[in-house]
Amino acid sequence: MWSKIRAVWSRELLDTVRDKRTVYMMILLPIVIMPVIMMVGPVVMVRQQEALQEETAVVAFHGGSVPAELVAFLETAGGFAVESAAAAEGAAAAEGTATAEGAATAASVGAGSVGAGGGAVDGGTVAGGAVVGGTAGAGVGARAAGDFSGEDLARWRERLAGGEIHLVVSLSEDAAGLWAAEEPIPVELLYYGSSNRSAMALQRFEAMLQAFGAQVGAARLAQRGLPPELVQPFQVTGTRDVTPREQMAGRMLGMFVPFFIVVWAVMGGMYTAIDAAAGEKERNSLETLVMVPAPTPALVLGKFLAVMTVTLVAVMLLIGSSVGSMLYIMPKLLGAEAMTVSVQAGHMALLFVVMALFVALTSAVELGLSVYSKSYREAQAYMTALAFLVMLPSMYLMFAETEAVAVWTYLVPVLNVLFIVRDVLEGSLPGAAPVLLTLGSLVATAGAALWGTQRAFRNERVIFRT
Amino acid sequence: MIEVSGLEKTFGRRTVVKNVTFTVEQGEVFGLLGPNGAGKTTTLRMLSTSMRPTRGTARVAGYDVVRESEQVRARLGVLPTDPGLYGRLTAAENLRFYGRLCGLGGAELERRIDELLEWLGLADFKNERTEHFSKGMRQKVALARAVLHAPQVLILDEPTAGLDVLAARSIIEFIRQSKASGRSVLFSSHYLLEADRVCDRVAIIVNGEICTMGTPAEVCREVGVDNLEDAFAYWVETLGASESGGRRAGSKEAGSRVV
């Protein structure tokens with residue numbers, strides 16, 4: 001019996017390693033392509049953020065006159081170019097849509113271009129709000145900040161979308177009066193959310209405005225002979241994340257690795273499973289195989305073990321390459337320190353057992369579906385559906401916070417694997433009952449799937465279903 | 001060697017093999033002749049244990065095809081219509097795999113593989129992948145696979161279908177040599193000339209029923225014709241017409257002729 005199982009197993013593996021599709025799915029994709037896909041997004045994003053931090057953002061002022069102190073602060077801070085009033089007017093004239101009703105007040109700004117102006121516009125919609133020069137309060141102006149007419153707003157939107165400017169700072173019409181009276185100036189900030197440059201300009205300008213506000217507030221208190229600490233009942237001296245680096249790494253791995261395991265447990269050995277039954281039907285070798293003097297369980301077990309071997313290798317390679325990329329390569333690319341994860345040997349053994357049992361389950365199900373399929377194409381359709389089926393809970397768990405999980409959920413294959421793998425990587429185990437339920441559930445379902453596959457293999461309606 | 005009695009196979013409401021009875025003696029070549037869809041392949045599949053009869057019994061080398069299927073398979077070599085080889089495996093690897101499933105191994109298996117490939121003129125292609133082989137070469141490897149474990153009985157389903165003249169000749173020669181070595185051969189075909197040349201006895205099967213059986217000469221004499229092709233045409237036209245016309249004129253007559 002064992003020699004026959006080994007004969008089938010080795011034949012399937014030999015066939016598999018000579019099949020380019022399987023080698024691609026088993027080796028190339030998990031080792032090279034998946035880590036590259038995984039790293040490209042974050043690395044590009046971080047690089048882009050860094051580049052945007054260095055770029056000069058073009059800011060256009062609108063509404064009331066800009067306090068000279070703010071202009072001077074902007075000049076000192078750097079990183080901003082303020083659009084000149086002439087340029088703004090030129091753009092408006094070219095567009096032919098702007099209707100500046102208020103008086104344009106020039107304000108001299110040193111950082112970049114000079115001058116800002118704009119008319120208070122009726123019926124505008126605002127995209128952000130701030131108060132300059134003190135604590136927040138209701139602005140009392142002739143026209144409020146962000147008071148745009150429909151056409152005016154459309155014009156600003158178009159200029160923001162085109163990247164001509166990155167931020168519009170709309171001050172209340174009576175900004176000068178409010179500044180002189182040391183009252184808060186309402187400010188509305190217009191930005192274009194789908195543009196990274198605009199979003200970055202907003203972020204930097206808000207921080208700059210906050211720093212300027214603090215500086216002005218302190219100066220005003222000093223004029224009155226009061227210490228700045230008077231308006232600072234608390235002083236945050238710093239923040240510190242006390243999460244151990246290993247746990248942070250574990251948390252990051254816990255987000256992605258369970259997903260990779262369950263998805264690759266389906267995808268990794270997919271072609272071997274299809275080839276082992278539906279492929280045999282298509283090339284008419286299955287009929288010959290069922291006529292050899294070997295017991296059906298030996299044939300099915302040999303095929304099952306081959307699918308399981310290929311899947312397990314693919315999953316291990318994917319985990320190895322993903323963990324390596326996330327902990328070592330990606331931090332290096334981003335100029336950070338490499339991370340480490342600390343998992344106890346016993347937990348690692350549990351992780352492997354759970355993974356192997358889950359791979360056994362998916363291998364048995366895939367083989368069963370393949371036996372049932374009348375063609376390679378039909379089997380491929382079933383495998384794709386199966387991949388989506390396991391992907392859904394995995395994607396949910398990737399982002400959801402699931403701190404207290406009901407014990408019965410450990411009976412559900414896929415979910416239980418996701419929980420256990422995540423817990424082990426994060427350095428916490430859910431306890432004996434959930435672990436035992438998981439192992440029992442996986443053994444029972446894998447056994448049932450294998451038994452069904454074995455029955456199907458001897459069913460002439462299935463074997464000759466073409 | 002093969003004893004078939006009242007064998008029937010039904011798929012849903014459709015009976016594709018009806019009350020088939022015949023025997024094949026040791027060292028005899030028996031041809032099961034019939035048009036496409038007559039029930040030849042289904043009959044052979046039941047004898048080779050891959051399909052279960054709905055009714056009737058069949059014994060191969062003394063073993064029941066249902067209750068003792070593994071013993072039957074150990075004594076039976078089968079060549080299906082399609083060679084069904086593993087294309088990414090070489091000729092030797094294909095044979096080695098089946099040899100191991102038949103319980104062979106080691107030097108004995110390697111010797112047997114070399115011997116068979118040499119005999120079939122494929123020794124030079126032993127380590128070539130079969131996906132590059134011609135249809136005739138693949139059929140020869142499949143033949144080698146069928147006799148690898150030295151079976152007492154051979155079942156060949158349309159062994160020469162789609163082969164060129166030379167390849168078909170080598171298959172016929174193979175059947176003759178098998179007979180000479182004392183093996184019983186049951187083969188299905190709709191090529192009447194080769195059946196005439198190689199079969200000791202033939203049965204003509206139409207619409208799942210055997211309508212006549214005997215030596216080629218007896219089958220011809222029965223309907224007053226001088227060759228197997230005319231006898232075949234007579235039965236196919238008679239029973240085919242009765243099937244499509246709804247009148248069972250031929251079948252009653254044929255029933256009386258079943259041996």
Side-chain angles (χ1 to χ4, degrees), chain A residues 1-23 271-272 274-303 306 371 376 455-466, chain B residues 9 11-12 41-42 44-54 60 63 65 68-90 93-106 109 129-131 138 141-142 145-146 148-149 151 155 157:
Chain A
M1 173 88 163
W2 282 110
S3 65
K4 292 180 181 181
I5 292 173
R6 207 176 60 200
V8 177
W9 176 76
S10 55
R11 206 256 340 134
E12 291 289 351
L13 287 185
L14 186 60
D15 218 340
T16 290
V17 295
R18 287 181 184 170
D19 182 8
K20 285 182 186 137
R21 291 164 307 181
T22 317
V23 172
Y271 284 115
T272 305
I274 295 175
D275 209 56
E280 291 237 35
K281 270 188 199 178
E282 210 159 85
R283 63 174 166 257
N284 296 311
S285 53
L286 191 62
E287 186 177 350
T288 311
L289 190 62
V290 298
M291 288 188 278
V292 296
T296 307
L299 301 178
V300 174
L301 268 176
K303 285 177 179 288
V371 171
Y376 211 96
R455 295 263 302 173
F457 215 81
R458 261 286 162 232
N459 188 330
E460 63 188 46
R461 278 190 228 167
V462 175
I463 294 296
F464 294 107
R465 184 175 174 261
T466 54
Chain B
K9 183 66 185 176
F11 296 114
T41 298
T42 305
L44 299 188
R45 280 176 173 168
M46 285 189 281
L47 297 179
S48 56
T49 76
S50 62
M51 268 187 183
R52 209 180 162 91
T54 310
V60 173
Y63 294 97
V65 294
E68 298 159 308
S69 57
E70 209 165 313
Q71 285 92 327
V72 169
R73 291 201 292 268
R75 287 153 185 84
L76 184 67
V78 183
L79 176 69
T81 319
D82 191 292
L85 299 174
Y86 299 106
R88 286 188 289 267
L89 266 57
T90 64
E93 285 165 347
N94 266 285
L95 295 177
R96 204 170 288 131
F97 169 60
Y98 281 98
R100 285 176 183 156
L101 288 181
C102 292
L104 306 173
L109 175 61
R129 288 194 193 184
T130 57
E131 62 194 350
R138 287 204 299 270
V141 176
R145 180 187 64 197
L148 195 61
H149 57 304
I155 290 182
D157 191 5

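Chain identifiers are assigned alphabetically (A, B, ...) following the order of the sequence lines, protein sequences preceding nucleic acid strands; residue numbering begins at 1 within each chain.
- Using a 4.0 Å cut-off between charged nitrogen and carboxylate oxygen, A/Arg18 and B/Glu131 do not count as a salt-bridge pair.
- For the side chain to side chain contact (heavy atoms under 4.5 Å, CB included) test with B/Arg138, the passing option among B/Leu85, B/Asp82, B/Asn94 is B/Leu85; the others fail.
- For chain B, the option among A/Leu299, A/Leu286, A/Asp19 with the highest count of heavy-atom pairs below 4.5 Å is A/Asp19.
- Closest non-hydrogen pair, A/Phe457 versus A/Val371, comes out as CD1-CG2, 3.7 Å.
- Counting heavy-atom pairs closer than 4.5 Å to chain B, the top residue among A/Ala298, A/Pro293, A/Gly302 is A/Pro293.
- Between chain A and the options B/Ala74, B/Gly84, B/Cys102, heavy-atom pairs under 4.5 Å are most frequent for B/Gly84.
- Aromatic ring pairs are classed by plane angle as parallel below 30°, tilted from 30° to 60° and perpendicular above 60°; the pair B/Tyr86 and B/Phe97 is perpendicular.
- By number of non-hydrogen pairs under 4.5 angstrom with chain B, the leading residue of A/Pro295, A/Ser3, A/Ser10 is A/Pro295.
- Taking all atoms of both residues into account, the shortest heavy-atom contact from B/Leu101 to A/Ala294 is O-CB, 4.1 Å.
- Heavy atoms of A/Arg458 lying under 4.5 Å from chain B belong exclusively to its side chain.
- Neither the backbone nor the side chain of B/Gln71 has a heavy atom closer than 4.5 Å to any heavy atom of chain A.
- For the set A/Leu14, A/Asn459, A/Ile5, the count of heavy-atom pairs under 4.5 angstrom toward chain B peaks at A/Leu14.
- Between chain B and the residues A/Arg6, A/Glu287, A/Arg283, A/Arg11, the largest count of heavy-atom pairs under 4.5 Å involves A/Arg11.
- When all heavy atoms of B/Pro53 and B/Met46 are compared, the pair lying nearest together is CA-SD, 3.4 Å.
- Atom OG1 in A/Thr16 sits 6.5 Å away from atom CG in A/Asp275 (nearest 0.5 Å).
- Only the side chain of B/Arg145 comes within less than 4.5 Å of a heavy atom in chain A; its backbone stays farther off.
- Interface residue B/Arg45: only side-chain heavy atoms are found under 4.5 Å from chain A.
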